[in-house]
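Some notes on the structure that comes next.
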Amino acid sequence: MPLVAGVDSSTQSCKVVVRDADSGALVRHGSAPHPSGTEVAPHAWWDALQQAVAAAGGLADVAAISVGAQQHGMVCLDESGAVVRDALLWNDSRSAAAAADLVAELPGGAAGWARAVGSVPVASFTVTKLRWLAEHEPDNAARTAAVCLPHDWLSWRLRGGGELDTVTTDRSDASGTGYWSPAENAYRPELLQLALGRAPLLPRVLGPAEAAGTRAGGTALIGPGAGDNAAAALGVGAEPGDVIISIGTSGVACALSSAPTADPSGAVAGFADATGAFLPLVATLNAGQVLDVVARLLGVGLPELSDLALQAPPGADGLVLVPYLAGERTPNKPDATGALHGLQLGNTTRAHLARAAIEGLLCGLADGLDALRAAGVQPARALLVGGGARSEALRRMAPAILGMPVVVPAPGESVADGAARQAAWTLAGTAEPPRWAAAAPARYEADPQPLVRARYARVRDLVSDRPNN
Ligand SMILES: Nc1ncnc2c1ncn2[C@@H]1O[C@H](COP(=O)(O)OP(=O)(O)O)[C@@H](O)[C@H]1O
Ligand SMILES: O=C(CO)[C@@H](O)[C@H](O)COP(=O)(O)O
């Protein structure tokens, strides 16, 4: 009965699960918070990982470990392997202008990028952060000898660090950089050159179950790791016809695909998955934090926010919240602000606001589902994951707004679970990941509410930009 560990080093926290490699049974788990903000010292992730590991009872008896983590974050290393500056995270929008410039500079524009790497870069993508670095911090850009991502850096540290050419990544996370092609399974160094003016060292891209090495001072294998959404897909055992809806800091709609996608509109990112296939994905910047902010505004906790939302009728009597509180990524409106529309004497209650907040973030994801359909995905049911999936109101409202049955996997940590399953796969060395039995999921169904989406569609573009001063 070997044990394996899976890590989710995501935006708000680090979670560690230890599971039985054969059955998948949960043995123990732990977590620790990350600092807030969109610019974070990678050492804070390392410290949180140590705390979460300790809370999970340590790794002494673990035979393999894999790290899933937030995608896209720019981790720059100098010649000695030291971090050059704090990492710019996926939700840091300062590189929005750099993204627009890069799109304009490549022959073919957005379509050229989609052809080259399956995605059109927006501020979240690493390639745009590197252009921002070259323009705003040329000294830091010049000191950058290697560029990697959060899970690459943590996996490397777990192995004890070493030479820069020993840093590794995996297909799923490489596909979020903007300079790696999922269709060709290859870097596109000319795009890195376009962004930074030169091409620093990049991590070696491992296969789906290829070991990155062993843990420093021990024998535990380190799996290839994955971007958090690809790890979640592995963790919940997603199958063709499933769309994964994640309500974490980001809102995500993604699906497994046997073929690469290339959406020139930029709505669907053509990512790779953690099994050797593909993961077309739509991400929004506004999900869990919309719930947090509105709960705080109403002076309640998240469970009470859910109770309040269920007290208002579907559509919140015409109150519509456009949730662009952090700007937005899909649609690409990095400077947008949120808005509350349709205020009337009869709908200005706390319950109406709670309901409008949840409906607003779900409508953004329903638009994402439409974009996935346009890219060829044919979803039959949604698997709801992420911290927001704990909200009973969100679970009940999701099928009506997404227009399909919603399944909520048994309580767990989908990303860390997927990383643990990847670790077990690396340990087993089999062609396919191990099959782990899962507890029966909860299923939610409801009649579609096209009116809620129609009202949202009428006002979603009626938002102001952030003031410049
Ligand atoms: N009981 C709950 N009800 C509703 N939402 C919750 C609950 N607990 C956590 N959340 C939401 O989960 C979000 C964090 O989700 P998580 O998947 O852990 O984020 P991340 O992966 O980005 O770190 C919080 O912003 C919060 O809104
Ligand atoms: O940018 C993306 C996907 O492209 C985000 O999904 C990040 O990967 C962060 O995820 P969470 O911390 O919200 O889970």
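All values derive from a computational prediction rather than experimental measurement. We count ligands from 1, going down the list as the structure has it; atoms in each ligand are counted the same way.
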Checking a contact table here: which protein heavy atom is nearest [atom], and how many Å away?
{"atom": "atom 10 (O) of ligand 2", "answer": "Asp228 OD2, 2.7 Å"}
{"atom": "atom 4 (C) of ligand 1", "answer": "Ser391 CB, 3.6 Å"}
{"atom": "atom 3 (N) of ligand 1", "answer": "Leu302 CB, 3.6 Å"}
{"atom": "atom 8 (N) of ligand 1", "answer": "Arg390 NH1, 3.0 Å"}
{"atom": "atom 13 (C) of ligand 1", "answer": "Gln12 NE2, 4.1 Å"}
{"atom": "atom 12 (O) of ligand 2", "answer": "Thr11 OG1, 2.4 Å"}
{"atom": "atom 22 (O) of ligand 1", "answer": "Thr249 OG1, 2.5 Å"}
{"atom": "atom 20 (P) of ligand 1", "answer": "Ser10 OG, 3.5 Å"}
{"atom": "atom 27 (O) of ligand 1", "answer": "Asp292 OD1, 2.6 Å"}
{"atom": "atom 10 (N) of ligand 1", "answer": "Gly387 O, 3.3 Å"}

Taking only heavy atoms of [X] into account, list the atoms of ligand 2 that are under 4.0 Å away from them.
{"X": "Val252", "value": "6 (O)"}
{"X": "Ser10", "value": "12 (O)"}
{"X": "Phe271", "value": "4 (O)"}
{"X": "Thr249", "value": "13 (O)"}
{"X": "Leu281", "value": "4 (O)"}

Examine [X] against ligand 2 and note whether any of their N/O atoms are separated by less than 3.5 Å.
{"X": "His72", "answer": "yes"}
{"X": "Gln70", "answer": "no"}
{"X": "Trp90", "answer": "no"}
{"X": "Ser246", "answer": "no"}
{"X": "Arg329", "answer": "yes"}

So, does Gly388 sit close enough to ligand 1 that a heavy atom of it is under 4.0 Å from the ligand?
yes

Atoms in ligand 1 flagged as close to [X], the criterion being non-hydrogen separation under 4.0 Å:
{"X": "Lys15", "result": "16 (P), 18 (O), 21 (O)"}
{"X": "Gly386", "result": "17 (O)"}
{"X": "Gly248", "result": "15 (O), 16 (P), 17 (O), 19 (O), 22 (O)"}
{"X": "Gly288", "result": "25 (O), 27 (O)"}

Are His43 and Trp153, when compared by the centres of their aromatic rings, separated by less than 6.0 Å?
yes

Looking at the rings of His341 and Tyr456, which for Trp means the six-membered one, are their centres under 6.0 Å apart?
no

Tell me whether Arg171 forms a cation-pi arrangement with Phe278, defined as NZ or CZ under 6.0 Å from the six-membered ring centre and within 45 degrees of its axis.
yes

Looking only at non-hydrogen atoms, which of Gly387, Ser250, Ala231, Gly248 approaches atom 13 (O) of ligand 2 most closely?
Ser250

Less than 3.5 Å apart, any donor N or O on the side chain of [X] or [Y] sitting next to an acceptor on the other?
{"X": "Ser95", "Y": "Thr128", "result": "yes"}
{"X": "Asn347", "Y": "His352", "result": "no"}
{"X": "Asn286", "Y": "Thr284", "result": "no"}
{"X": "Gln70", "Y": "Ser10", "result": "no"}
{"X": "Arg329", "Y": "Ser124", "result": "yes"}
{"X": "Asp273", "Y": "Thr275", "result": "yes"}
{"X": "Tyr179", "Y": "Arg188", "result": "no"}

Where does the angle between the aromatic ring planes of Phe125 and Phe271 fall among parallel (under 30°), tilted (30 to 60°) and perpendicular (over 60°)?
tilted

How close do Leu325 and Gly338 get, heavy atom to heavy atom, and via which atoms?
CD2-CA, 4.1 Å

Write down the atom of Asp170, the atom of Pro224, and the distance for their closest heavy-atom approach.
CB-O, 4.0 Å

Measure from the side-chain N and O atoms of Ser257 to the backbone N and O of Ala259, and report whether any donor-acceptor pair falls under 3.5 Å.
yes

Test of understanding: given a 4.0 Å heavy-atom threshold, classify the contact between Asn229 and ligand 2 as side chain, backbone, both, or neither.
side chain

Side chains of residues 46-54: which donor-acceptor pairs under 3.5 Å do they make with residues two or more places apart or in other chains?
none

Ignoring hydrogens and angles, write down the donor-acceptor pairs under 3.5 Å from the side chains of residues 330-337, residues two or more places apart or on other chains.
unit_1	atom_1	unit_2	atom_2	d
Thr330	OG1	Ala283	O	2.6
Thr337	OG1	Ser464	O	2.7

